[in-house]
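Let me begin by presenting the structure, written as structure tokens, before commenting on it.
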There are 2 protein chains.
Amino acid sequence: MPADGFALCPVRDILDRVGDKWSLLCILYLGSTDRLRFNELRHSIMGISQRMLTVTLRSLENDGLVRRTVYAEVPPRVEYCLTALGQSLLGAVIELGNWAKDHAPVIAEARQRVVAPPAATAGQV
Amino acid sequence: MPADGFALCPVRDILDRVGDKWSLLCILYLGSTDRLRFNELRHSIMGISQRMLTVTLRSLENDGLVRRTVYAEVPPRVEYCLTALGQSLLGAVIELGNWAKDHAPVIAEARQRVVAPPAATAGQV
DNA sequence: CTGAATCCTGAAAGATACTG
DNA sequence: CAGTATCTTTCAGGATTCAG
């Protein structure tokens with residue numbers, strides 16, 4: 001692991017954080033409403049485990065993208081929402097999401113082409 | 001807005017592919033020029049291993065985002081460039097990259113705040 | 001209800017060496 | 001130059017359990 005000091009480090013850094021399995025999903029869902037409770041979010045992002053939701057939310061909170069509000073009630077209630085910083089990221093995420101939705105079939109097609117290449121083509125690389 | 005988890009599946013799928021450690025960097029660098037040879041790219045993305053560059057480029061190629069052109073010369077020459085599909089993604093990636101660059105200091109600051117929380121804040125959680 | 005703490009596994013990624 | 005082939009290590013993420 002080299003001590004790197006090049007210009008794209010911040011990009012790498014952010015993408016590492018935001019490019020994990022659940023962060024962008026959390027941001028997308030949190031961005032679609034005002035705020036969500038823990039289990040609301042957990043139910044929205046089907047497939048996420050309780051642990052990963054906690055870990056992801058902590059991570060986003062630590063980066064200042066998500067605000068966590070604890071209500072001193074019983075039973076406990078905790079609500080999450082995007083911070084201004086998180087909202088500023090939301091645009092790019094949504095754009096990425098739209099791209100993904102728009103081009104999903106094309107990509108699926110490209111992948112098919114890999115597993116099932118044309119058999120009759122001769123010579124051509 | 002989302003409500004239905006299935007709509008976000010393609011997003012998950014794309015983000016999984018594009019959200020790995022090197023793909024977006026490759027797209028960014030390939031998008032910044034017409035085309036790049038293997039070692040040019042490798043030199044640009046400092047820190048990437050030769051293996052991971054190969055793996056990443058294959059992955060992008062399989063998804064139809066990158067075109068690989070082999071010249072039957074000696075010594076071998078292979079050039080990579082974005083396809084139209086790849087270029088269509090470039091916009092969102094650049095926007096994400098710009099966001100990362102713009103907000104890197106704020107995020108760094110937020111992270112600092114986590115490791116060194118204010119001791120005197122009383123009352124509100 | 002919300003979350004912390006452990007344990008565990010598969011996949012990702014790095015290092016290295018070899019090849020056309 | 002541009003890979004491929006292995007080997008090893010790391011670690012994200014799932015399951016489970018405990019706690020406030």
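A note on names: the letters A, B, ... follow the listed sequences, proteins ahead of strands, and every chain is numbered from 1. Scope of the values below: all heavy atoms of this structure, side chains included, with no hydrogens, waters or symmetry mates.
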Distance-minimising heavy-atom pair for [X] and [Y]:
{"X": "A:H103", "Y": "B:L85", "answer": "ND1-CD1, 3.2 Å"}
{"X": "B:T56", "Y": "B:C26", "answer": "CG2-SG, 3.8 Å"}
{"X": "B:L82", "Y": "B:I27", "answer": "CD1-O, 3.9 Å"}
{"X": "A:L96", "Y": "B:A92", "answer": "CD1-CB, 3.5 Å"}
{"X": "A:L36", "Y": "A:Y29", "answer": "CD1-O, 3.9 Å"}

Rounded to whole Å, please give me the gap between [atom1] in [X] and [atom2] in [N].
{"X": "B:E73", "N": "D:dG3", "atom1": "CD", "atom2": "C1'", "result": "16 Å"}
{"X": "B:L53", "N": "D:dT4", "atom1": "CG", "atom2": "C1'", "result": "14 Å"}
{"X": "B:L57", "N": "C:dA13", "atom1": "CG", "atom2": "P", "result": "14 Å"}
{"X": "A:L41", "N": "C:dG3", "atom1": "CG", "atom2": "C1'", "result": "14 Å"}
{"X": "B:R58", "N": "C:dA12", "atom1": "CZ", "atom2": "P", "result": "17 Å"}
{"X": "B:E79", "N": "D:dG3", "atom1": "CD", "atom2": "P", "result": "11 Å"}
{"X": "B:L36", "N": "D:dC1", "atom1": "CG", "atom2": "P", "result": "15 Å"}
{"X": "A:E40", "N": "C:dT2", "atom1": "CD", "atom2": "C1'", "result": "13 Å"}

**Item:** A:S59 side-chain N/O to A:V55 backbone N/O, donor-acceptor pair under 3.5 Å
**Value:** no

**Item:** Within residues 78-89 of chain A or reaching into it, pairs that qualify as side-chain hydrogen bond (donor to acceptor under 3.5 Å, both in side chains) - sequence neighbours excluded
**Value:** A:R35-A:E79, A:R68-A:Y80, A:Y71-A:E79, A:R77-A:E79, A:S88-B:W99

**Message:** Over all strands shown, is A:Y71 touching base, sugar-phosphate only, or nothing at heavy-atom distances under 4.0 angstrom?
**Reply:** nothing

**Prompt:** So what does A:R42 touch, heavy atoms closer than 4.0 Å: a base, only the sugar-phosphate, or nothing?
**Reply:** nothing

**Fill in**
Residue pair A:V55/A:P76 against DNA chain C: nearer the 5' end by closest nucleotide is A:P76

**Asked** Just how large is the angle between the end axes of the helix from C:dC1-D:dG20 to C:dG20-D:dC1, five pairs per end, to 10 degrees?
**Response** 50°

Protein-nucleic acid N or O pairs under 3.5 Å, nucleotides 11-14 of chain D:
{"from": "D:dG13", "atom 1": "OP1", "to": "A:K21", "atom 2": "N", "distance (Å)": "3.1"}
{"from": "D:dG13", "atom 1": "N7", "to": "A:R51", "atom 2": "NH1", "distance (Å)": "3.3"}
{"from": "D:dG14", "atom 1": "OP1", "to": "A:K21", "atom 2": "NZ", "distance (Å)": "3.4"}
{"from": "D:dG14", "atom 1": "O6", "to": "A:R51", "atom 2": "NE", "distance (Å)": "3.1"}

**Request:** Begin with the C-alpha distance, continue with both residues' side-chain angles, and end with the deciding distance and a verdict on side chain to side chain contact (heavy atoms under 4.5 Å, CB included) for A:L53 and A:Q50.
**Result:** CA-CA 5 Å; A:L53 182 55; A:Q50 161 265 13; 5.9 Å; no

**Request:** State whether B:Y80 places a side-chain N or O below 4.0 Å from either non-bridging phosphate oxygen (OP1 or OP2) of D:dC1.
**Result:** no

**Prompt:** Between C:dT2, C:dA4, D:dG3, which one does the side chain of A:Q50 approach most closely?
**Reply:** C:dA4

**Request:** Compare the minimum distances between each of C:dT2, D:dA2, C:dA4 and the side chain of B:R37, then state the nucleotide with the smallest one.
**Result:** D:dA2

**Request:** Supply the atom-to-atom distance A:D63 CG to A:R58 CZ, rounded to the nearest 0.5 angstrom.
**Result:** 13.5 Å

